[in-house]
Asks: 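One structure is given below, represented as structure tokens, and several questions about it will come after.
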Amino acid sequence: TLNVFYDVKKATSDENRKLLGAFSTKLPNSRINAVTNKNLVNFVISPVQFVSGNIRAGAQTGTSFQEMQLNIYIIILICLMVLIVISISAALFMYRIDLKKIQK
């Protein structure tokens, strides 16, 4: 039974050697005068930079995270100002209605 495991290990090792040998000939530009081209190897290993969702959203619109926060605060401030204007207008309307009732 141990021979079965040894046979499987040998077959796997042979296949790995064959695959790695084929792969090593695929990137001849990764070596310059027998020295590893680190820029090419780093790009092959990690071609994109990983960033968080907040930074990615800001990068897509061209705005930074701080600018996005500022925009949110400005929108909230504008909404509050509109609410105040509507409240004052409603109060003045009600006051005028009361004045007309008193004058009659």
Side-chain angles (χ1 to χ4, degrees):
T1 58
L2 271 167
N3 289 334
V4 173
F5 291 113
Y6 287 130
D7 291 341
V8 170
K9 180 187 175 293
K10 184 178 181 332
T12 303
S13 295
D14 290 342
E15 185 179 351
N16 286 343
R17 280 192 203 100
K18 180 180 158 188
L19 291 171
L20 287 173
F23 180 74
S24 68
T25 60
K26 301 290 184 207
L27 295 172
N29 295 332
S30 66
R31 299 192 174 273
I32 301 172
N33 298 330
V35 176
T36 303
N37 183 351
K38 291 181 182 177
N39 290 333
L40 178 63
V41 172
N42 287 336
F43 177 75
V44 169
I45 292 171
S46 180
V48 293
Q49 181 180 5
F50 296 100
V51 294
S52 70
N54 290 338
I55 295 173
R56 188 177 310 120
Q60 289 173 349
T61 60
T63 58
S64 69
F65 182 70
Q66 288 83 13
E67 289 174 339
M68 288 172 48
Q69 278 185 323
L70 180 62
N71 290 340
I72 290 171
Y73 290 136
I74 290 173
I75 290 171
I76 291 172
L77 182 64
I78 290 171
C79 290
L80 288 174
M81 290 173 63
V82 167
L83 184 64
I84 290 171
V85 168
I86 289 173
S87 299
I88 290 173
S89 298
L92 286 174
F93 180 73
M94 297 301 283
Y95 177 74
R96 285 186 181 175
I97 289 175
D98 287 343
L99 273 180
K100 286 182 182 179
K101 284 183 182 178
I102 293 173
Q103 289 174 354
K104 286 184 179 184

Asks: May I have all residue pairs that pass salt bridge (Lys or Arg N to Asp or Glu O under 4.0 Å) and include part of residues 11-25, sequence neighbours excluded?
Replies: K10-D14, D14-R17

Asks: Let me check something: do I86 and M94 share a hydrophobic cluster, defined by ILVMFWY side-chain heavy atoms less than 4.5 Å apart, either directly or through other members?
Replies: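 No, I86 and M94 fall in different hydrophobic clusters.
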
Asks: For the atom pair CD1 (I75) and CG (L80), what is the distance rounded to the nearest 0.5 Å?
Replies: 12.0 Å

Asks: Distance from I76 atom CD1 to N71 atom CG, nearest 0.5 Å?
Replies: 11.0 Å

Asks: If Ile, Leu, Val, Met, Phe, Trp and Tyr residues are connected whenever their side-chain heavy atoms lie under 4.5 Å apart, and connections chain through other members, are L77 and V85 in the same group?
Replies: no

Asks: Could you state the interatomic distance from CG (L83) to CD1 (I78), rounded to the nearest 0.5 Å?
Replies: 13.5 Å

Asks: Of all residues at least two apart in sequence or in a different chain, which pass the side chain to side chain contact (heavy atoms under 4.5 Å, CB included) check with I97?
Replies: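 Side chain to side chain contact (heavy atoms under 4.5 Å, CB included) check on I97 returns F93, K101.
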
Asks: Quick check for you: to the nearest 0.5 Å, what is the distance between C79 atom SG and I84 atom CD1?
Replies: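 So the gap between those two atoms works out to 11.5 Å.
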
